[in-house]
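Since the structure comes first, as structure tokens, the remarks are kept for the end.
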Amino acid sequence: MSKRAKVHFLTLYVEYLLDQGIRSEEYYLGDASRFLRYLLANTTPEQVKEYILSTTSSDVYRDRLAKTLRKFFLFAEEKLSISPPEIPQEIKKTR
């Protein structure tokens, strides 16, 4: 899977639905969104740590990923009323 496909999977999902002839994609996106919210709400700090450590190969990228996830978690809390997990302290400062 290309990097673009990994990053923009919801956009690609909409394109997939349209290619499949589905014109009421809001139902499909709504269900996918609810499932993603469920996963976010049930993610543990240990799973976040495991994800960060398993997908990064450098301290710089690890720091950036922790920073961008903190912003995403803040969005989830402020706009979606989801209490996301904390990013474990040892991930926040790797240098």
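- Between the T43 side chain and the L39 main chain, a donor and an acceptor come within less than 3.5 Å of each other.
- Listed by chain and number, the residues in a salt bridge (Lys or Arg N to Asp or Glu O under 4.0 Å) with D19 amount to none (sequence neighbours excluded).
- Using a 4.5 Å heavy-atom threshold, the side chains of V48 and F73 count as touching.
- At a threshold of 4.5 Å between side-chain heavy atoms, the hydrophobic network of Ile, Leu, Val, Met, Phe, Trp and Tyr places Y28 and L10 in two separate groups.
- No path of Ile, Leu, Val, Met, Phe, Trp and Tyr side chains, each step under 4.5 Å between heavy atoms, connects I82 with L74, placing them in separate hydrophobic clusters.
- Contact annotation: the side chain of Y27 never approaches that of I22 to less than 4.5 Å [non-hydrogen atoms, C-beta and beyond].
- Legend: residues meeting side chain to side chain donor-acceptor pair (under 3.5 Å) with E50, ordered by chain and number and at least two apart, are absent.
- The two residues P85 and P45 make their nearest non-hydrogen contact at CB-N, 3.8 Å.
- We find the CG-CD1 distance between L65 and I52 to be 5.0 Å, quoted to the nearest 0.5 Å.
- Of all the heavy atoms in Y61 and T55, the pair that sits closest is CE2-O, 3.3 Å.
- Formation of a donor-acceptor pair under 3.5 Å by the R70 side chain with backbone atoms of I87 is not found in this model.
- Under a hydrophobic clustering in which Ile, Leu, Val, Met, Phe, Trp and Tyr are joined whenever their side-chain heavy atoms come within less than 4.5 Å, directly or via other members, Y38 and L29 fall into different clusters.
- In this structure, the side chain of E78 does not engage the main chain of F75 through any donor-acceptor pair within 3.5 Å.
- Each of L36 and Y13 belongs to its own hydrophobic cluster when Ile, Leu, Val, Met, Phe, Trp and Tyr are linked at side-chain heavy-atom distances under 4.5 angstrom.
- Contact check for R62 versus L53: side-chain heavy atoms found under the 4.5 Å cut-off.
- Note that the CZ atom of R37 and the OG atom of S81 stand 9.0 Å from one another [nearest 0.5 Å].
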